[in-house]
2 protein chains.
Amino acid sequence: MPAALSPSPPAAGERASRLLERCRTLVRPALAEAVARLHPWVGEMAAYSLGWCEPGGAPVSTPAGGKGLRQALAVLGAEAAGAPRSAGVTAAVAVELVHTFSLLHDDIMDGDPTRRGRPTVWKAYGTGPAVLAGDALFALAVETLATTPGTPGTPGTPRTDIPSAVRHLSTALNDLVRGQADDLLFENRPWTGPEAVGPDEYRAMAEHKTGALLGCATSLAAVLAGAPRETVAALDRAGRHLGVAFQVVDDVLGIWGDPAVTGKPVHADLLRGKKTFPVLAALGTPAARPLARLLDSADPLGAADARRAAALIEAAGGRGAALAEARRHLAVVDACLAGLPAAARTTDDLRALLAFLVRREM
Amino acid sequence: MPAALSPSPPAAGERASRLLERCRTLVRPALAEAVARLHPWVGEMAAYSLGWCEPGGAPVSTPAGGKGLRQALAVLGAEAAGAPRSAGVTAAVAVELVHTFSLLHDDIMDGDPTRRGRPTVWKAYGTGPAVLAGDALFALAVETLATTPGTPGTPGTPRTDIPSAVRHLSTALNDLVRGQADDLLFENRPWTGPEAVGPDEYRAMAEHKTGALLGCATSLAAVLAGAPRETVAALDRAGRHLGVAFQVVDDVLGIWGDPAVTGKPVHADLLRGKKTFPVLAALGTPAARPLARLLDSADPLGAADARRAAALIEAAGGRGAALAEARRHLAVVDACLAGLPAAARTTDDLRALLAFLVRREM
């Protein structure tokens, strides 16, 4: 664990866990109802990737899903915007389905055989079925949003702005694809010279790949409920900067994290030539010459080279620069949320969750 | 060519070609504008799969795209419903993008190396990039529909019902995935016995896999323009039955078609154990005993077995039954269109196109 950030007190961890648990409990019935509308075979793959069942459909003995960060952001974003709880749940289901779809397809693109300690869907069911299940989750997310109850003009139901919400989600989806495309293309770009990936290109990629969906999660209920434009923009911006912070921290963990905790092989990103922030930051310093020589000399790197590269990146200040970068984005997140015109309590929940989550990862 | 259906006169062919050409010309600028919004690399894959360029982005010397049936259905469906031309173009772009997405992903699922005489996108660019390009086209289709100009309440622009249009498209997408899932699962089902695939299961699969998007194409502009429910239902039903007819004819061509014309290897469906209509129909006849023995005895079939199977299917009446099935669905298409409350001229165009296209395929 880097000592650069003070660890959160235990009470903050308990509060964050309670918040995540509360949001998962609130969203689960609607999410399960949506998944149940899928073709049974496709629905099984969806349930497997959500950690609800084993391959074949048998219930899991211990829950194997994610923390549910995006659904929590949607629920707490709704509260912060003063949107109805139902809008928060609809937004949560839509973004959770999109997130699951993107994991399914990203694991195919990256050739990752495991996720959260279990075989990925393409490993367990085959590439073709995993492509299909991702498509089905994508379509289901759009349908969920487009069938939100409470269309304008229906008496007794809250006003919902479905066209704006669908536009908001499709903007995030376009950004997500754009970021994934850049991330894949970056792998074939050189480390040095005029074709090298710069820090600003990295930031744009991370905002698209990771930030767009977090921004959409945090702001989608506000869009659905017709909240003021400034509220939507602040929530979206908060989520996007959170995403960049997350991606940078993920890069740090990809080099110096404990494989037992991260679930990734040691130095996997270095071995694959991924253009991660600590490396790009280290290459921008005067001490980077030996690192540049090493990276340019071997493609792909071997295990011993990757170990040496990690030490050179740290010596050149790449790790410290990455943590400073993450802190800068978290400060923007804080500023966005501080400016929201909502009850302090509800914004507090959101801020507590975000601050804790990123700190814990660091 | 089966003699069961009288060939269309040359004039009908010219009229259909003119109609397709007119619709492609009308839609092309908006479609190109949409594709230009994609990430450049993803946009190149999209343009390649639309037949506009070679791998690498160089323009094609001879156009390599499809006929543009779906975009023509959208434009002529708009005219038949009395919807504005702009709604027809928006619907055409959305369904063409969805169709291209589904071809990209289906070619991965089916492992098909060529389409229209060129390498498929996954063969030319890799599986991961082809998955990503399909996702991008899907998101672009949703965005296209959600950003249709002319929101309710904007003076001077036609009324558009975006939520209903997005719901209509997502229903078609869900059906498409459902049909593709069943088609994949059918390959592993036995030819005979209680687990065998029945003709009604086949019809549902074909309606979902092929008919849903044709129905959506034909009716989407009507939905966007807020046409009466009966008009939408008739256009959607016409497209869905057209899809079943198409699928059945495609099955016939997959067994008896000329590989030089169909672009598929001879007997490919038989070799893969695909549950096609001529085989299912033949297995339902008393003369089917030797066919059933042959199909049950070898899995997968060899080339000589496939030749023998094709002869047995024909002798048992499977080919004739399939053509009769296609004609029944075309009669429903005709009845749906005849009942439309529109100017005879515009419905005539749509009917002329459909009748000619299916007949030409037969």
Side-chain angles (χ1 to χ4, degrees), chain A residues 37-43 45 98 101-102 104-106 108-111 126-148 151-153 160-182 184-185 208, chain B residues 37-43 45 98 101-102 104-106 108-111 126-148 151-153 160-182 184-185 208:
Chain A
R37 291 205 304 276
L38 293 169
H39 182 286
W41 180 47
V42 171
M45 287 187 265
V98 167
F101 134 72
S102 76
L104 272 161
H105 282 189
D106 285 1
I108 296 170
M109 290 177 225
D110 297 340
T127 299
V131 171
L132 186 68
D135 294 345
L137 287 163
F138 193 161
L140 189 60
V142 175
E143 190 191 45
T144 297
L145 214 48
T147 55
T148 312
T151 327
T160 58
D161 185 349
I162 290 176
S164 295
V166 173
R167 278 192 290 274
H168 201 62
L169 185 73
S170 62
T171 300
L173 286 164
N174 286 328
D175 281 354
L176 200 115
V177 168
R178 187 172 287 274
Q180 178 70 6
D182 277 332
L184 290 175
L185 290 175
H208 291 144
Chain B
R37 289 206 305 276
L38 292 169
H39 182 286
W41 181 47
V42 171
M45 288 188 266
V98 167
F101 135 73
S102 77
L104 272 161
H105 283 189
D106 284 3
I108 297 170
M109 290 177 224
D110 297 339
T127 299
V131 171
L132 186 68
D135 294 345
L137 288 163
F138 192 161
L140 188 61
V142 174
E143 190 191 46
T144 298
L145 215 48
T147 55
T148 312
T151 328
T160 57
D161 185 350
I162 291 176
S164 295
V166 174
R167 277 192 291 275
H168 202 62
L169 184 72
S170 62
T171 300
L173 285 164
N174 285 328
D175 281 355
L176 200 115
V177 168
R178 188 172 286 275
Q180 178 69 6
D182 277 333
L184 289 174
L185 290 174
H208 291 144

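In what follows, chains are A, B, ... by sequence order, proteins preceding strands, each numbered from 1.
- Heavy-atom distances place no part of Leu145(A) under 4.5 Å from chain B, backbone and side chain included.
- Taking the six-membered ring for Trp and thresholds of 30 and 60 degrees, Phe138(A) and Phe138(B) have nearly parallel ring planes, at less than 30 degrees apart.
- Closest of all the heavy-atom pairs between Pro163(A) and Ile162(B) is CB-CG2, 3.9 Å.
- Here Asn174(A) contributes atom CG and Arg37(B) contributes atom CZ; the two are 8.0 Å apart, rounded to the nearest 0.5 Å.
- The two residues Ser170(A) and Val142(B) make their nearest non-hydrogen contact at CB-CG1, 4.2 Å.
- Per-residue counts of heavy-atom pairs under 4.5 Å with chain B were compared for Ala181(A), Ala136(A), Gly128(A); the largest is that of Ala181(A).
- For Val166(B) against Ala146(A), the heavy-atom pair with the smallest separation is CG1-CB, 3.6 Å.
- Both the backbone and the side chain of Thr147(A) come within contact range of chain B, each with at least one heavy atom under 4.5 Å from a heavy atom of that chain.
- His39(A) and Arg178(B) make their closest contact through N-NH2, 3.4 Å (heavy atoms, listed as atom of the first residue, atom of the second, distance).
- Heavy-atom distances place both the backbone and the side chain of Asp182(B) under 4.5 Å from chain A.
- Checking each of Asp135(A), Val42(A), Leu132(A), Val131(A) against Gln180(B) for a side-chain contact (heavy atoms from CB on, under 4.5 Å) leaves exactly one that passes, namely Leu132(A).
- Ranking Ile108(B), Leu185(B), Leu173(B) against chain A, the residue ahead of the rest is Leu185(B), based on heavy-atom pairs under 4.5 Å.
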- Leu184(A) and Trp41(B): side chain to side chain contact (heavy atoms under 4.5 Å, CB included), yes or no, with the steps? CA-CA 11 Å; Leu184(A) 290 175; Trp41(B) 181 47; 4.2 Å; yes
